[in-house]
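Worksheet for the structure shown next.
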Amino acid sequence: MRTDIEQPLSDDDSPEDMIRKLRSRADQRKSQTQKYDDLYNGEEGRMFYATPEFEQQSGGIFEDFSDNWCRTVPDTLRERLAVTGFQGEDGQIDRDAWKSWRRNRADVEVGLALLDALVVARSHALVWNPTGEASDISFLPNGQAAVDYVPGARGLRRAGLNTWSDGTHDFATLFVRAFDGRPSMVYRRQRTANGGQWEPRTVGLRTSEQTDFTNPMGEVPIVEIPNRARLHGDPESDIKTVAPLQRAVNTQWAHLLTASDYLALPQRAILGMDKPVRDIKDAEGNIIGEEDVPLTRYGKDRLLWLNKSGAAIAQFSAADLGNYLRVIEACVRHIAAQTRTPPHYLLGEMSNIAAEALSAAESGLVAKAGDKQLHFGADLREIMRLDAIAAGDTARAESIAMGKVLWRDPQYRSEAQYADALTKYKALGVPDEALWGMIPGVEREQIEEWKRIRDEQAKAQAAAAAAAFSSFGPKDDGSEEAPAAAEEPAA
């Protein structure tokens, strides 16, 4: 039996069929999303590599324990992905795009969207203009939205779905591309929560509002932000390769903690002596039996009498807990190598490291961040192209489509290193505006303010120079300064 995710959409499908198929895709991704969310949050709650006997003996004591590297790996990369602006085809900064980006709080929300893409493989963005005045950019989590593409045309969106629920009803908004003479359409549907048939939406709409109408943007406004997408196959989570090693680390920690509880202290044995017992007496003092003396008493009192001739004490060596630590460190180093996360981020080993050595240690992460900027940048550029279309500025939309997204430098450097590099660029003739943009943490507004201050200083200096020069020229009354009379030679 074929599932909906295996059934391709058709342009001839009814809106209800498209919603059903796309909603099925989103629902089927939720289980995978939940698995990676639990790993990221350290809430997996299961010892994968522990034997049933160990789990039975430990009594679930380690269910909430997690030495969580599945959070560190994507967080480390996401911190290197900061958008600083958008550039048009002509190389100029698109100020309107940046204003819209800030107005929609996308400068904050995009970090969450990229983190979701790194953790659960994809996220989405919806660009819409509900009021006709200012566009709206909303980032949607995986499981709430789904996008279908035209077969054989990578990146050409055929349909997009946004779903949500208020607890009583499920709502769906379907966007369909223009096809075969038919315009791009928007369909709004609802159904009883968690079941029922999709019907035209009435809840939350005025009677004058249409449920089906022509899409004023002319194309599907939902953009998928996939992580590690390939020419074939689905996007993948960045913690997919971390999860097995994470589970191994947690299992080793569980064994280490158990061993430290039972075996870390030296274990002793009494040789040549019967197990100590004590008499059981009745109320009248008569011995009526005997019982074992609890050995925990001797451990607590740290005192034992050996009454039998030839009795002796032997000792077992304490467990070497370092063996567990060495396995854990090996697993963490494998995580660092496979994810290109700097080892000092995971192991905390950093002392007296030269700047060149630190840069070399982070080179893999920097290269990985640069690759993410390239692929995520194409999706963010598409979002801002749709934003320009929603604002009615098609010329700017075409310019953004051929432009680029500006990112903060993913390489961390000291202020001295940046100053030295910028000084050398200045010597090569690089303009000041370009150099200012290379300084980490400097916003485009700051650069504009610096340019204004520089221009005002230049004007003030030019005015001062002109005033000083005019003091040597002709006066306003037409008179000129008489040359000084030559002194007559003395007789």
Margin query: Regarding Asn129 and Ser135, do their side chains bring together a donor and an acceptor under 3.5 Å, going by distance alone?
Written below: no
Next item on the list: Answer yes when Asp455 and Arg452 have at least one side-chain N-carboxylate O distance shorter than 4.0 Å, and no when they do not.
Entry: no
Margin query: Looking at Lys30 and Asp27, is there a salt bridge between them, counting it only when a charged N and a carboxylate O are closer than 4.0 Å?
Written below: yes
Notebook entry, point to check: Counting only heavy atoms not in Arg105, do more than 12 sit closer than 6.0 Å to its CZ atom?
Noted result: no
Item checked: Heavy-atom donor-acceptor pair, Gln144 side chain to Pro141 backbone, under 3.5 Å -> no
Check: Checking Asn215 side chain against Ser184 main chain: does a donor-acceptor pair fall under 3.5 Å?
Finding: no
Check: With the threshold set at 4.0 Å, does a side-chain nitrogen-carboxylate oxygen contact exist between Arg182 and Asp11?
Finding: no
Margin query: Is it the case that atom CE in Met438 sees more than 12 heavy atoms from other parts of the structure closer than 6.0 Å?
Written below: yes
Checklist line | Side chain Ser100, main chain Asp96, donor-acceptor under 3.5 Å | finding: no
Checklist line | Flag side-chain contact, heavy atom, 4.5 Å: Val327 against Tyr324 | finding: no
Margin query: Would you compute the distance between atom OG1 of Thr214 and atom CE of Met217 and round it to the nearest 0.5 angstrom?
Written below: 14.5 Å
Next item on the list: Taking Asn104 for its side chain and Ser138 for its backbone only, find out whether a donor-acceptor pair lies under 3.5 Å.
Entry: no
Check: Charged N to carboxylate O below 4.0 Å: is that the case for Asp212 and Arg189?
Finding: yes
Note to self: For Ser363, is there any backbone N or O sitting under 3.5 Å from a side-chain donor or acceptor partner on Gln411?
What the structure shows: no
Checklist line | Parallel, tilted or perpendicular: rings of Phe171 and His169 (30°, 60°) | finding: tilted
Next item on the list: Ignoring hydrogens and angles, state whether a donor on the side chain of Asn323 or Arg326 is under 3.5 Å from an acceptor on the partner side chain.
Entry: yes
Notebook entry, point to check: Are the charged groups of Arg191 and Glu16 less than 4.0 angstrom apart, N to O?
Noted result: no
Item checked: Check: Ala172 main-chain N/O paired with Thr163 side-chain donor or acceptor under 3.5 Å -> no
Check: Could you give the distance from OG1 (Thr339) to CD1 (Ile239), rounded to the nearest 0.5 Å?
Finding: 11.0 Å
Check: So, Asp238 and Lys368, do they make that salt bridge, N to O below 4.0 Å?
Finding: yes
Item checked: Contact check, side chains of Ile93 and Phe86, non-hydrogen atoms, under 4.5 Å -> no
Note to self: Salt bridge check, Asp432 against Lys451: does any charged N sit closer than 4.0 Å to a carboxylate O?
What the structure shows: no
Check: Of Val110, Val405, Val127, Leu126, which meets side-chain contact (heavy atoms from CB on, under 4.5 Å) against Ile383?
Finding: Val127
Next item on the list: May I ask you to decide if Gly195's main-chain N or O and Thr192's side chain share a donor-acceptor pair within less than 3.5 Å?
Entry: no
Next item on the list: Inspect the surroundings of CD in Glu456 and state if more than 12 heavy atoms from other residues, nucleotides or ligands are less than 6.0 Å away.
Entry: yes
Margin query: With a 6.0 Å cut-off on the ring centroids, do Trp128 and Phe175 count as close?
Written below: yes
Margin query: Check the orientation of Phe139 and Trp101. Use parallel for under 30°, tilted for 30 to 60°, and perpendicular for over 60°.
Written below: perpendicular
Item checked: Sidechain N-carboxylate O distance under 4.0 Å for Arg385, Glu382 -> yes
Notebook entry, point to check: Is the cationic atom of Arg71 (NZ for Lys, CZ for Arg) positioned less than 6.0 Å from the six-membered ring centroid of Tyr40 and within 45 degrees of its normal?
Noted result: yes
Item checked: Arg20 backbone acceptor or donor facing Ser24 side chain under 3.5 Å -> no
Check: Hey, what do you get for CZ (Arg158) to CG (Asp148), rounding to the nearest 0.5 Å?
Finding: 4.5 Å
Next item on the list: Say whether, by atom type as modelled, one donor and one acceptor occur between the side chain of Glu224 and the main chain of Val147 under 3.5 angstrom.
Entry: no
Check: Pick from Asp75, Thr76, Asn68: which one makes a side-chain contact (heavy atoms from CB on, under 4.5 Å) with Thr72?
Finding: Thr76
Next item on the list: Output yes when a side-chain donor or acceptor of Asp116 lies under 3.5 Å from a complementary backbone atom of Ser123, and no otherwise.
Entry: no
